[in-house]
Structures are given as C-alpha cells and as structure tokens.
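Residue numbers begin at 1 in each chain, while the letters A, B, ... track the order of the sequences. None of these values were measured; they are calculated from a predicted model.
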Amino acid sequence: MRIATWNVNSIRSRIDRVEAWLERSDVDVLAIQETKATDAQFPFDRLQALGYEVAHHGLNHWNGVAIVSRVGISDVTPSFPDAPAWGDPPVVEARALTATCGGVKVTSVYVPNGRQIKDPHMVYKLEWLAQLRRQAQLSVDAGETAAIMGDWNIAPQDEDVWSMEYYLDKSHVSPGERAAFQGILDAGFVDVVRPHTSEPGTFTYWDYTRLAFQKRRGMRIDFILGTPAFAARVAGAAIDREERKGKGASDHAPVVVQLED
DNA sequence: ATGGTAGTATGACTA
C-alpha cells in the first residue's frame with residue numbers, strides 16, 4: 001500500500017495536477033491539505049472517476065483537509081477533541097480529518113502557520129499542537145496502526161531550512177514550535193520519511209517568491225508521523241520534488257510512503 | 001529594497 005500527503009494550495013486550481021499525479025504515483029491513500037473549498041466547491045466527481053473515495057472537511061475558502069482512498073474509507077471524523085478555535089467569533093477551523101483506510105487510521109493535518117514568533121496565531125498554533133499531542137498519545141497507547149500526516153508548518157531541525165540565518169527570529173524554527181513537534185514524537189510517533197530522505201537540502205516546500213525553488217531555498221515542513229505499529233510496516237519513502245516544477249505547481253511537494261502488506 | 005508570487009469570498013488578506 002502506498003500512502004501520501006500533499007498540501008495542494010487549492011483543490012480547485014490544482015485538480016488537473018492532482019488527477020495526473022494520482023494516476024502516475026499509484027498511491028492508494030492521499031491526505032490533502034489546503035483544499036480552500038467548501039464541500040459544495042470540492043471536485044468529488046473528478047477523484048471518484050479515478051476510483052477513489054473521498055472524505056473532505058472544508059468550511060470556507062481557508063484551510064480545508066481531505067483524504068482520498070481506493071482501499072476503503074470509514075470512521076470519517078472531522079477535527080479532533082479539544083481542538084482550539086480561532087477568529088472572531090472563535091471557530092474550530094477545518095485543519096484536521098481522520099479516517100480509516102485499508103486498516104490504517106489516517107489523519108490529515110494542516111497545522112496553524114503561527115505567522116510570527118510574537119503573534120496570537122503562534123499561541124493558537126502551540127495550543128493546537130498540544131491538543132493534537134493528547135490524541136497522539138491515546139493512539140499510541142491503544143496500539144493503533146495510525147499516521148498523522150500533513151503540513152506541520154515546523155522545520156524541526158536546522159538542516160530542514162535552506163538557511164538558519166534567514167529564518168532566525170522567524171516562525172517555523174523557534175524552540176517553542178520545535179518543542180511542540182517533539183511532543184508528538186515523545187508521544188511515540190515516528191518520522192517514517194526522514195530515514196529514507198536524509199540527503200542534505202531535502203525539502204518539501206519552496207516559497208513561490210524570489211525563485212526559491214530554482215535556488216533550492218526550501219523547508220522540510222511536511223511530515224508523515226506514524227505509530228510504532230505503522231512505522232514497522234514502512235518499506236520506503238520519497239519526496240516528489242518533480243511535482244514542484246513547472247507552471248501551476250503547488251508550493252509543496254507530495255510526500256509518499258510505501259507500506260508492506 | 002516589507003520587495004517577490006499565488007491563492008481566495010480579490011483593491012485585502014493568507015501563506
């Protein structure tokens with residue numbers, strides 16, 4: 001079974017690319033982030049025509065997460081217990097979606113950006129991750145075959161950004177964010193992709209501006225974290241940076257894991 | 001040089 005995650009930055013503007021990528025990548029399950037759509041706007045028919053079942057959680061034109069699967073999809077659950085709210089009035093945003101696909105409990109996450117070190121959105125980000133950690137701990141303790149995958153908006157290690165000097169005092173690399181990410185690992189989850197993609201300069205995201213992709217100025221912020229039961233089945237992993245190339249690309253590349261049966 | 005580009009309910013905000 002092949003399982004992947006991809007921040008597509010709008011499913012409506014990216015649907016041709018997503019369709020083409022699903023056809024050539026041969027993935028069975030894809031967790032999508034930033035659909036930027038409501039259910040009414042989501043192109044369910046296009047993905048269903050390729051043989052995938054689709055679960056989507058989108059409230060408006062911001063955020064939005066989905067899971068598409070051709071190995072079955074059940075127990076679909078939007079968000080997670082005690083997820084904090086954001087905005088005025090405060091709303092629990094569409095940033096997480098869980099479903100069971102082919103015997104694996106998959107959670108698609110779009111972690112809040114944080115914006116700046118001293119920004120209310122950073123407080124929201126850290127609280128969101130603290131609550132996610134609680135769920136992660138329950139999942140590990142229950143012995144589940146589960147993965148939390150998506151855009152974490154955190155570069156956990158210095159080598160996960162093209163320049164620490166550039167990111168000094170910016171979000172994504174701060175001690176607080178890294179501690180929050182480490183919290184998920186401390187709960188027992190494992191980064192199952194890094195061991196297979198350890199080459200220096202391996203990133204999953206490149207800013208649209210300043211020719212960042214061409215200059216190889218990226219960040220590794222998209223991760224597939226699995227429970228020990230999930231990690232034990234991982235046979236390989238890859239980051240499809242080819243998908244970042246050309247006109248109409250998302251600013252994120254898909255991340256893929258191969259699971260043994 | 002708070003620029004650049006891409007997305008959206010687009011002349012305003014998010015990433």
Side-chain angles (χ1 to χ4, degrees), chain A residues 5-21 31-43 46 56-66 83-96 108-129 149-156 160-163 165-174 176-177 180-181 203-223 241-255:
Chain A
T5 186
W6 189 10
N7 178 324
V8 299
N9 186 20
S10 169
I11 190 65
R12 285 173 288 170
S13 69
R14 214 71 62 210
I15 185 60
D16 289 350
R17 279 240 186 193
V18 172
E19 207 173 72
W21 187 79
I32 298 174
Q33 299 83 40
E34 279 209 271
T35 63
K36 292 185 169 178
T38 62
D39 279 351
Q41 297 168 319
F42 192 97
R46 297 281 297 270
H56 177 237
H57 178 41
L59 301 174
N60 51 41
H61 65 123
W62 299 125
N63 315 307
V65 282
W86 173 257
D88 185 18
V91 172
V92 177
E93 299 181 304
R95 291 183 176 275
S108 177
V109 294
Y110 178 46
V111 175
N113 181 285
R115 298 177 185 169
Q116 320 249 3
I117 304 295
K118 295 184 184 300
D119 188 298
H121 207 260
M122 181 62 72
V123 178
Y124 168 51
K125 178 181 195 173
L126 298 179
E127 176 62 16
W128 198 94
L129 287 163
M149 59 186 80
D151 176 358
W152 292 77
N153 271 316
I154 296 170
D160 296 336
V161 296
W162 65 273
S163 162
E165 186 180 26
Y166 177 81
Y167 284 102
L168 197 68
D169 298 328
K170 292 189 173 68
S171 69
H172 293 58
V173 301
S174 70
E177 292 168 277
F181 186 87
F203 305 126
T204 65
Y205 161 86
W206 298 261
D207 197 299
Y208 281 125
T209 69
R210 291 169 284 200
L211 297 173
F213 182 68
Q214 291 83 342
K215 293 180 177 175
R216 299 182 177 271
R217 295 179 171 178
M219 310 175 85
R220 187 198 288 254
I221 57 174
D222 299 87
F223 296 92
R241 73 184 299 280
E242 290 301 306
E243 181 53 42
R244 181 63 179 78
K245 295 180 179 175
K247 192 174 169 59
S250 169
D251 42 2
H252 294 253
V255 182

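- Residues A/Asn153 and A/His172 have side chains in contact (heavy-atom distance under 4.5 Å, counting atoms from C-beta outward).
- Separating the P atom of B/dG7 from that of B/dT2 is a span of 25 Å, rounded to the nearest Å.
- One can place CZ of A/Arg244 at 9 Å from P of B/dA6, the figure rounded to the nearest angstrom.
- Residue A/Asp251 is classed as having no contact, given no heavy-atom separation below 4.0 Å to the nucleic acid.
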Determine all donor-acceptor pairs shorter than 3.5 Å in which one atom belongs to a side chain in residues 211-221 of chain A; sequence neighbours excluded.
{"from": "A/Arg220", "atom 1": "NH1", "to": "A/Thr197", "atom 2": "OG1", "distance (Å)": "3.0"}
{"from": "A/Arg220", "atom 1": "NH2", "to": "A/Thr197", "atom 2": "O", "distance (Å)": "2.5"}

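- Across all strands shown, A/Tyr110 has heavy atoms under 4.0 Å from sugar-phosphate atoms exclusively, and none from any base.
- By the ring-ring contact (aromatic ring centres under 6.0 Å, His included) test, A/Phe203 pairs with no residue at all, sequence neighbours left out.
- Nearest-nucleotide mapping onto DNA chain B: of A/Thr209 and A/Glu34, the residue sitting toward the 5' end is A/Thr209.
- At the heavy-atom level, A/Gln41 lies under 4.0 Å from the strands shown only through sugar-phosphate atoms.
- Separating the C1' atom of B/dA1 from that of B/dT14 is a span of 22 Å, rounded to the nearest Å.
- For the pair A/Asp119 CG and B/dT14 P, the computed distance is 9 Å after rounding to whole Å.
- Between the P atom of B/dG4 and the CG atom of A/Asp207 lies a distance of 13 Å, rounded to the nearest Å.
- For DNA chain B, the stems formed by at least three consecutive Watson-Crick or G-U pairs, with both atom-pair distances below 3.5 Å, span B:5-7 with B:13-15.
- Put simply, A/Arg14 has a side-chain N or O that comes within less than 4.0 Å of OP1 or OP2 on B/dG7.
- Counting only residues at least two apart or in different chains, salt bridge (Lys or Arg N to Asp or Glu O under 4.0 Å) contacts with residues 10-20 of chain A comprise A/Asp16-A/Arg46, A/Arg17-A/Glu243, A/Glu19-A/Arg46.
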Going by atom type alone, with no hydrogens or angles, which donor-acceptor pairs under 3.5 Å involve a side-chain atom of residues 112-123 of chain A and a protein atom two or more places apart or on another chain?
{"from": "A/Asn113", "atom 1": "OD1", "to": "A/Arg115", "atom 2": "N", "distance (Å)": "2.8"}
{"from": "A/Asp119", "atom 1": "OD1", "to": "A/His121", "atom 2": "N", "distance (Å)": "2.7"}
{"from": "A/His121", "atom 1": "ND1", "to": "A/Gly114", "atom 2": "N", "distance (Å)": "3.0"}

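- Regarding A/Gln214, its CD atom lies at a distance of 12 Å from the C1' atom of B/dG4, rounded to whole Å.
- Proximity of A/Arg115 to the phosphate of B/dT14: a side-chain N or O atom is located under 4.0 Å from OP1 or OP2.
- Taking the side chain to side chain donor-acceptor pair (under 3.5 Å) definition, one finds that A/Ser250 meets it with nothing, sequence neighbours left out.
- One can place CZ of A/Arg12 at 7 Å from C1' of B/dT8, the figure rounded to the nearest angstrom.
- If you take atom C1' in B/dA15 and the same atom in B/dT10, they sit 15 Å apart, rounded to whole Å.
- A/Asn9 and A/Tyr208 share a donor-acceptor pair across their side chains, judged by distance under 3.5 Å alone.
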